[in-house]
Structures are given as C-alpha cells and as structure tokens.
Novice: 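Below you'll find the structure I mean.
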Amino acid sequence: MGETAYFDVVLGESLPPQMITYLRLLCLGGTDAFLLEALFRNKVWEHLELPVSRDNEESICQVIQNACKSALAAYHTTIEEDEELLEREDLQSRQQIAIEVRVGEKKVLEQINDIFKEREQELDDLEYYQERRLKDLGFIGDNGDIIFWES
C-alpha cells in the first residue's frame with residue numbers, strides 16, 4: 001500500500017478488513033512502535049491484521065469517530081431535513097440526485113461512526129499482541145493465567 005489508501009465502504013456492509021489493518025498502522029505509536037523495527041519489517045502487515053494493543057485500538061476508534069463527527073458537522077442539513085426535501089414535488093432531477101447522494105454519504109458516515117463506537121465497547125474482549133505472544137511462548141495458559149515454571 002502507498003501513503004494514501006482508499007477503501008470502499010458500502011452502507012449496510014461490514015468494513016473492508018484491510019481498512020482496520022491500515023488504521024492500526026496509522027495509529028501505531030508509543031511502546032507498540034517496536035513493530036516498525038527492521039526485525040519486524042517483513043512481517044509488520046501480518047502482525048497488524050490482529051489487535052496490537054488496547055491503546056492502539058482505542059486510538060483507532062477515537063480518530064475515526066472524531067473524523068466522522070467532523071465530516072457530519074460540515075453538512076448544513078441533517079439526514080431528516082434532507083429526507084423532507086426529497087418529499088417535495090418541485091425538485092428538479094439534479095437536485096433530487098444531489099440530495100440522495102448527500103443522504104447516502106451521511107448514512108455511511110453514521111454507520112462507520114457506529115461501528116467504531118461499538119468496537120470501542122468491545123476493547124476489553126480483544127486479545128492483543130502481548131497476550132498472543134506470551135501464549136505462544138507458553139507463559140500464559142488458554143484461560144489467561146500466568147504459568148509459573150518450577151525447577
């Protein structure tokens with residue numbers, strides 16, 4: 001992927017999986033930035049397909065919700081006001097098409113906002129990189145208990 005990525009978001013459908021991976025990369029920071037070291041360079045995309053850390057996932061949710069709210073605030077009408085306009089009989093066809101497109105854009109922005117609002121509520125239920133890695137090394141059992149090795 002390049003510096004800029006485009007994803008098709010369709011009303012009523014889930015988000016493209018690569019979008020979440022890309023957002024994880026964009027919001028990567030703090031102690032999670034170790035994934036950008038040369039050691040992980042060839043596998044970073046693979047690592048980012050799964051949640052990295054709670055901070056990273058929370059950052060994604062906040063950034064996207066703020067962007068959606070900002071974009072929605074830039075419109076001068078609400079969805080309801082647009083739908084009322086569409087009921088008017090004196091609309092020219094171009095006006096009707098423009099309003100329908102505007103309503104669609106707003107609905108998609110609301111859908112994206114709702115997805116990330118819901119995702120934010122589920123952050124405690126996700127398994128993050130550190131947990132997965134400790135399990136792989138045998139330091140944490142399947143139920144999340146730390147395994148103490150005795151000699």
Novice: Looking at CG of L23 and CZ of F7, how far apart are the two atoms once the value is rounded to the nearest 0.5 Å?
Specialist: 7.0 Å

Novice: May I have all residue pairs that pass salt bridge (Lys or Arg N to Asp or Glu O under 4.0 Å) and include part of residues 13-31, sequence neighbours excluded?
Specialist: R24-E57

Novice: Name all pairs fulfilling the salt bridge (Lys or Arg N to Asp or Glu O under 4.0 Å) condition that reach into residues 85-98, sequence neighbours left out, sorted by first residue then second.
Specialist: R88-D90

Novice: If you link ILVMFWY side chains whenever their heavy atoms are less than 4.5 Å apart, which other residues fall into the same cluster as Y128? By chain and number, please.
Specialist: L123, L126

Novice: Hey, could you give me the CG/CG distance between N113 and N66, rounded to the nearest 0.5 Å?
Specialist: 9.0 Å

Novice: Which residue pairs pass the salt bridge (Lys or Arg N to Asp or Glu O under 4.0 Å) test with at least one member in residues 45-55, sequence neighbours excluded?
Specialist: R54-D124

Novice: Apply salt bridge (Lys or Arg N to Asp or Glu O under 4.0 Å) to E83 and list each qualifying residue two or more places apart in sequence or on a separate chain.
Specialist: K107

Novice: Are the side chain of D32 and the backbone N or O of L28 linked by a donor-acceptor pair below 3.5 Å?
Specialist: no

Novice: Can you measure from CD1 (I115) to CE (M19) and round to the nearest 0.5 angstrom?
Specialist: 8.0 Å

Novice: Do V52 and L26 belong to the same hydrophobic cluster, where Ile, Leu, Val, Met, Phe, Trp and Tyr are linked whenever their side-chain heavy atoms lie under 4.5 Å apart, directly or via other members?
Specialist: yes

Novice: In chain order, what residues pass the side-chain hydrogen bond (donor to acceptor under 3.5 Å, both in side chains) check against Q95, with sequence neighbours excluded?
Specialist: none

Novice: Considering all heavy atoms of both residues, which atom of W45 and which atom of L25 are nearest to each other, and what is their separation?
Specialist: CZ3-CD2, 4.1 Å

Novice: If hydrophobic residues (ILVMFWY) are linked whenever their side-chain heavy atoms come closer than 4.5 Å, directly or via other members, who joins L86 in its cluster?
Specialist: I79, L85, L91, I99, V103

Novice: Hey, are the side chains of V9 and Q111 touching, using non-hydrogen atoms and a 4.5 Å cut-off?
Specialist: yes

Novice: What are the two closest heavy atoms between I60 and I20, and how far apart are they?
Specialist: CD1-O, 4.5 Å

Novice: Which residues pass the side-chain hydrogen bond (donor to acceptor under 3.5 Å, both in side chains) test with E84, not counting sequence neighbours?
Specialist: none

Novice: Excluding sequence neighbours, so at least two apart, what forms side-chain hydrogen bond (donor to acceptor under 3.5 Å, both in side chains) with E127?
Specialist: K135

Novice: Can you sort out the partners of E120 under salt bridge (Lys or Arg N to Asp or Glu O under 4.0 Å), two or more places apart, ordered by chain and number?
Specialist: none

Novice: Using the six-membered ring wherever Trp is involved, compare the ring planes of Y129 and H47 and label them parallel, tilted or perpendicular (cut-offs 30° and 60°).
Specialist: perpendicular

Novice: If only atom types and distance count, is the side chain of N56 paired as donor or acceptor with the main-chain N or O of P51 below 3.5 Å?
Specialist: no

Novice: Apart from L72 itself, which Ile, Leu, Val, Met, Phe, Trp or Tyr residues share its cluster (side-chain heavy atoms under 4.5 Å, direct or through members)?
Specialist: Y75, L109

Novice: To the closest 0.5 Å, what do you measure between CG (L11) and CD (E105)?
Specialist: 12.0 Å

Novice: Taking side-chain hydrogen bond (donor to acceptor under 3.5 Å, both in side chains) as the definition, give me every residue that meets it alongside D82, ordered by chain and number, with sequence neighbours left out.
Specialist: T77, R102, K106

Novice: Could you give the distance from CD (E131) to CG (D136), rounded to the nearest 0.5 Å?
Specialist: 11.5 Å

Novice: Is the count of non-hydrogen atoms from other residues, nucleotides or ligands lying under 6.0 Å from E122 atom CD greater than 12?
Specialist: yes

